[in-house]
Number of protein chains: 2
Amino acid sequence: MPALAEVFREHGYEGASLALISRATGLGKGSLYHLFPGGKAEMAACVLAEIDAWFEANLYRPLRAAERPETAISDMFEAVQTYFRSGRRVCLVGVLALGGGRDLFAEAVRGYFVRWVAALDDALRRTGHDAAASAALAEEVVAQIQGAIVLARALDEPAVFTRALAALQSRIATAAG
Amino acid sequence: MPALAEVFREHGYEGASLALISRATGLGKGSLYHLFPGGKAEMAACVLAEIDAWFEANLYRPLRAAERPETAISDMFEAVQTYFRSGRRVCLVGVLALGGGRDLFAEAVRGYFVRWVAALDDALRRTGHDAAASAALAEEVVAQIQGAIVLARALDEPAVFTRALAALQSRIATAAG
DNA sequence: CGCTGTTTGTACCGATCGGTACAAACTTGG
DNA sequence: CCAAGTTTGTACCGATCGGTACAAACAGCG
């Protein structure tokens, strides 16, 4: 199943052929269509749901629920750094947002980002930012993370990603009220 | 030819089938393969080259050569805003960086971003930023633009893109000196 | 008009696409 | 150990993929 996710990440929705998926997972078509009767669309939807659940549990919920929001935010950066392998690993949700099966997964993609921004906004506000500032900052941070993945990949320089995260963290710290 | 570019933007490299391309351009396969003997790869390469040339002429060169770098920078934001249709239009180079024919176009993709960052860095430095700050800021700005496209698309809210550009401009202005 | 060279539409190629059918190979309860 | 149910490999389906062949349609020039 992680292998399945990796195939979609590396090749996008359209580029992930059943042959590739079959090879990457080691499962034949029979098994695949037994597990996912809905075919490729269901596979992608399932992967998306898993990703969403992971982010919800490991990032969004802590951001919203943490007693010390500052720690939750810096935990988020650490988790993001690890999850995206310093920018070597691509964000599947971002990939789907840009191309491929945009209409198919629009709702899931939207929810993923809406909740990320909202959770970060919540945490930022509780560190002392006023409402307007924290909303804008949350949006900026999420966008910057996505953009840093693009740039790090394009330049083939993971350091770009790491640097971007560090810059964001220091901006948040100095902007804090 | 702009139609060709749009097909690649909307469907990515793998998703842009010859049937789609043919319909979008109004050209039959015969004409397409007469114009681009190298097939789809050559079409994409040609589109990429055109995009690169456009950015070079309209953004990079002005950034490097302008007498008043502040104006060149704000012109850049205006051009970006128009070119990406307030985030409704996707950056083909970013799309290629994330998925699809990454290996095929890696060099072109890399060059596009390297030169963008370098040109912006040049202009920023001439507004008074010291070397380290302007290099970091240039990288941040380009990444933020890419990320804002992703986010605006995902949320289906072009305003996100516009807002991100405005925030960047004001950050540059206040950080100057 | 006829001739020459380029631009185009169309039929076709093998390969591969996503998806289905189904019978062997398994596990499992008795 | 056998019957019932589940998991798997494989052969196959029509559609479409990127790409080629080639002959009609076309242009410019005499």
Side-chain angles (χ1 to χ4, degrees), chain A residues 1-51 90 92-109, chain B residues 1-51 90 92-109:
Chain A
M1 170 67 104
L4 183 56
E6 218 55 44
V7 176
F8 280 117
R9 259 187 279 264
E10 287 306 315
H11 301 90
Y13 181 68
E14 331 236 20
S17 69
L18 288 216
L20 274 175
I21 295 173
S22 181
R23 195 177 333 137
T25 59
L27 270 52
K29 286 187 168 198
S31 322
L32 285 172
Y33 274 86
H34 177 72
L35 245 174
F36 306 99
K40 208 165 82 152
E42 187 175 342
M43 296 180 208
C46 193
V47 167
L48 257 185
E50 208 191 44
I51 291 174
V90 130
L92 176 58
V93 191
V95 172
L96 292 179
L98 282 188
R102 206 168 80 86
D103 43 351
L104 276 170
F105 308 109
E107 212 42 57
V109 166
Chain B
M1 171 66 104
L4 182 58
E6 217 55 44
V7 176
F8 280 116
R9 260 188 278 265
E10 286 307 314
H11 301 90
Y13 180 68
E14 333 236 19
S17 68
L18 288 217
L20 275 174
I21 294 172
S22 181
R23 195 178 333 140
T25 58
L27 271 52
K29 288 186 166 199
S31 322
L32 285 172
Y33 274 86
H34 176 71
L35 245 175
F36 306 99
K40 210 167 81 156
E42 187 176 341
M43 297 180 208
C46 193
V47 166
L48 257 185
E50 210 191 42
I51 291 174
V90 130
L92 175 57
V93 191
V95 171
L96 291 179
L98 282 187
R102 207 168 79 86
D103 42 351
L104 276 170
F105 308 109
E107 212 43 57
V109 166

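Chain letters run A, B, ... following the sequence lines, proteins first, then strands; residues in each count from 1. Here the structure is a predicted model, which is why all the values come from computation and not from measurement.
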| task | Side-chain contact test, heavy atoms from C-beta onward, threshold under 4.5 Å: evaluate it for A/Val47 versus A/Glu50 and give yes or no. | result | no
| query | When the distance from CG of A/Leu32 to C1' of C/dA21 is rounded to whole Å, what number comes out? | reply | 16 Å
| task | Name all residues meeting the ring-ring contact (aromatic ring centres under 6.0 Å, His included) criterion together with A/Phe105; count only those two or more places apart in sequence or in a different chain, and write none if there are none. | result | A/Tyr13
| request: Do nucleotides 7-19 of chain C as a string where each nucleotide becomes B, S or -: B if the base has a protein heavy atom under 4.0 Å, S if just the sugar-phosphate does, - if no protein is that close. | output: SBBB------SBB
| query | Nearest heavy-atom pair of A/Ile21 and A/Ala16: which atoms, and what distance? | reply | CD1-O, 3.9 Å
| field | Residue pair A/Met1 / A/Cys46, side-chain heavy-atom distance below 4.5 Å | value | yes
| request: Taking the side chain as every heavy atom from C-beta outward, state whether A/Ile51 and A/Val93 have any atom pair closer than 4.5 Å. | output: yes
